[in-house]
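First the structure, in the form of structure tokens, and then the observations on it.
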Amino acid sequence: MLRWFRVVAVAEACSWAGLLAGMFFKYVTASGELGVKIFGPIHGAMFVLYALGVVLSAREAGWSRGAVVLGLACSVPPFTSLWFERRMAARAAVGQAA
């Protein structure tokens, strides 16, 4: 499950990048909204999968409620899903080494 969570966290961050690029072209250069039309739904789906991944991974790995709340909060600012995933992977690695 944690491997799947890693893939979803990276995909969510990539969809953020695509959406931000689309928003740049739509609002700054005023060259159209195709990027937002493409990456908006993709990012929405990745957002939902990431939140589901946090909950399922927390159940499997025994994360605290605080870690779950932090993980869900990290779905909002761009690219923080990567930070959270790396943080939890490092914690899991320390737990396995002990």
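Position 1 is the first residue of the sequence; numbering continues from there.
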May I ask whether [X] and [Y] are part of the same hydrophobic cluster, defined by side-chain heavy atoms of I, L, V, M, F, W, Y residues being less than 4.5 angstrom apart, directly or through others?
X	Y	value
Phe79	Val48	no
Val36	Phe47	no
Met1	Phe84	yes
Ile42	Leu34	yes
Val54	Val7	no

Let me confirm one number: the [atom1]-[atom2] distance from [X] to [Y], rounded to the nearest 0.5 Å.
X	Y	atom1	atom2	answer
Cys14	Leu19	SG	CG	13.0 Å
Leu70	Trp63	CG	CH2	10.0 Å
Phe5	Leu56	CZ	CG	10.0 Å
Leu72	Ser81	CG	OG	12.0 Å
Ile38	Glu33	CD1	CD	11.0 Å
Met46	Ser75	CE	OG	13.5 Å

Exercise for review: Might you point out which heavy atoms bring Pro78 and Leu20 nearest each other, and give the distance in Å?
Suggested key: CB-CD1, 4.1 Å

Exercise for review: Answer yes or no: is there a donor N or O on one side and an acceptor on the other, between the side chain of Tyr50 and the main chain of Gly71, under 3.5 Å?
Suggested key: yes

Review point. What pairs of residues pass the salt bridge (charged side-chain N to carboxylate O under 4.0 Å, His left out) test when at least one of them lies in residues 48-63, not counting sequence neighbours?
Key: none

Practice item. Take the angle between the ring planes of Trp16 and His43 and call it parallel below 30°, perpendicular above 60°, tilted in between. Key: tilted

